[in-house]
Amino acid sequence: MSVVNERDASINQFIASFNEVESNLDSVAVRQHIISTSTEQKGELKQNQKEHINVQIAAINNLMEQNRKKLADLNRKLKGSANKNKELEKMIATINGQLEQKDVELTALNEKLNDLNAQVAQLQTSVTTLTEESNAKSQALHTAYYVVGKSGELQDAKIIDRKGGLLGIGKTSKLTADFDNSKFTRIDYTQTGTIAVNSEMKMITSHPSDSYTLDKDAKDKNRVKNIVITNPEKFWSTSKYLVVVKD
């Protein structure tokens with residue numbers, strides 16, 4: 001019952017957010033019409049008309065900003081939800097499409113205002129750009145890097161170095177301070193949960209032991225086929241880099 005109640009509460013929150021965005025879009029449409037009506041007459045706009053248009057533009061900008069934040073919040077909640085819901089994903093995609101369509105309409109309205117040389121404020125018609133920026137920030141937040149290779153290869157690539165020990169005995173491998181990111185495979189760790197190894201191995205970087213399991217070969221228990229990340233957030237919390245040395 002607790003799980004069901006939590007799921008229902010999450011769905012209700014999503015629906016409430018959808019309704020809020022829909023309501024905002026309706027309000028934007030009304031204000032669009034007010035601006036269009038105010039600019040229908042020929043000749044230069046009077047000062048009171050410009051002030052009235054500016055009030056409507058400020059309101060539209062505020063509503064669209066609320067919509068962008070709400071959409072970003074919905075995307076974040078859906079990604080963090082343990083129970084992925086295809087219908088909710090479709091609804092978010094539909095809202096994103098509505099915002100992009102509204103962006104097109106507001107762009108056209110901006111062009112009309114520019115043609116009138118109205119000297120009024122500009123509409124913030126950057127839904128697509130801000131959505132891309134939000135996605136980029138989200139991707140950056142979930143970006144991680146990994147490399148799997150033999151010790152000599154990783155040393156040659158200046159990814160690891162071996163220090164310590166006496167007369168070459170007891171040295172340990174560590175991640176170098178000035179390694180090259182291009183030598184690593186870049187991933188979105190919310191999308192990649194398995195790292196192929198197919199060898200005996202040692203992890204050079206530190207990751208919580210309870211955040212992953214080792215998928216070992218049935219015939220050779222020392223041979224690891226894959227590193228299976230069971231808790232991505234915890235696994236990558238100590239380091240966004242994974243270095244695996246194969247034997």
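Values reported hereafter were calculated over all heavy atoms of this structure, with side chains retained and with hydrogens, waters and symmetry mates removed. A quick note: this is a predicted structure, and the numbers were derived from the prediction, not measured.
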Nearest 0.5 angstrom please: Lys102 NZ to Asn24 CG, how far?
11.5 Å

Is Thr190 close to Pro232 at the side-chain level, that is, under 4.5 Å between some pair of heavy atoms?
no

Just jot down the side-chain contact (heavy atoms from CB on, under 4.5 Å) partners of Glu200, sequence neighbours excluded, or say none.
Asn222, Asp247

Gap between atom OG1 of Thr194 and atom CG of Asn226 - 0.5 Å precision:
6.0 Å

Would Met64 and Leu99 count as a side chain to side chain contact (heavy atoms under 4.5 Å, CB included) here? Give the steps.
CA-CA 8 Å; Met64 293 300 287; Leu99 289 177; 4.2 Å; yes

Side chain to side chain, Tyr146 and Ile187, heavy atoms closer than 4.5 Å:
yes

Side-chain heavy atoms of Leu71 within contact of Asn96, under 4.5 Å
yes

As a test of understanding, state which of Glu233, Lys240, His142 forms a side-chain hydrogen bond (donor to acceptor under 3.5 Å, both in side chains) with Tyr189.
Glu233

N/O donor-acceptor pair under 3.5 Å between Thr185 side chain and Val147 backbone:
no

Within the distance-only criterion (no hydrogens, no angle test), does the side chain of Arg223 pair as donor or acceptor with the backbone N or O of Asn198 below 3.5 angstrom?
yes

Is there a side-chain contact between Val28 and Glu105 in this structure, where contact means two heavy atoms from C-beta onward sitting under 4.5 Å apart?
no

Identify which one of Pro208, Ser211, Ser237 satisfies the side chain to side chain contact (heavy atoms under 4.5 Å, CB included) criterion when paired with Asn231.
Ser211

Would you say that Thr192 contacts Ile229 through its side chain, given a criterion of any heavy-atom pair below 4.5 Å between the two side chains?
no

The reported gap from OG in Ser239 to OH in Tyr145 (rounded to nearest 0.5 angstrom) is 11.5 Å

Given His33 and Thr37, is the side chain to side chain contact (heavy atoms under 4.5 Å, CB included) satisfied, shown in steps?
CA-CA 6 Å; His33 179 70; Thr37 303; 3.6 Å; yes

Non-hydrogen side-chain atoms of Asn67 and Lys70 separated by less than 4.5 Å:
no

Find out whether Leu242 and Phe184 are in side-chain contact, i.e. whether some heavy atom of one side chain is under 4.5 Å from a heavy atom of the other.
no

Separation of Tyr241 OH from Ile159 CD1 (nearest 0.5 Å)
10.5 Å

Residues which pass ring-ring contact (aromatic ring centres under 6.0 Å, His included) with Tyr212, listed by chain and number, not counting sequence neighbours:
Phe235

NE2/His207 to CD1/Ile227 distance, rounded to the nearest 0.5 angstrom?
8.0 Å

Just wondering, do Lys158 and Asp178 contact through their side chains at under 4.5 Å, heavy atoms?
no

Hey, what do you get for CD (Glu20) to CD (Glu22), rounding to the nearest 0.5 Å?
11.5 Å

Hydrophobic cluster identity match, Ile195 and Met203, side-chain contacts under 4.5 Å:
yes

Is it true that a side-chain atom of Ser23 and a backbone atom of Asn19 form a donor plus acceptor pair closer than 3.5 Å?
no

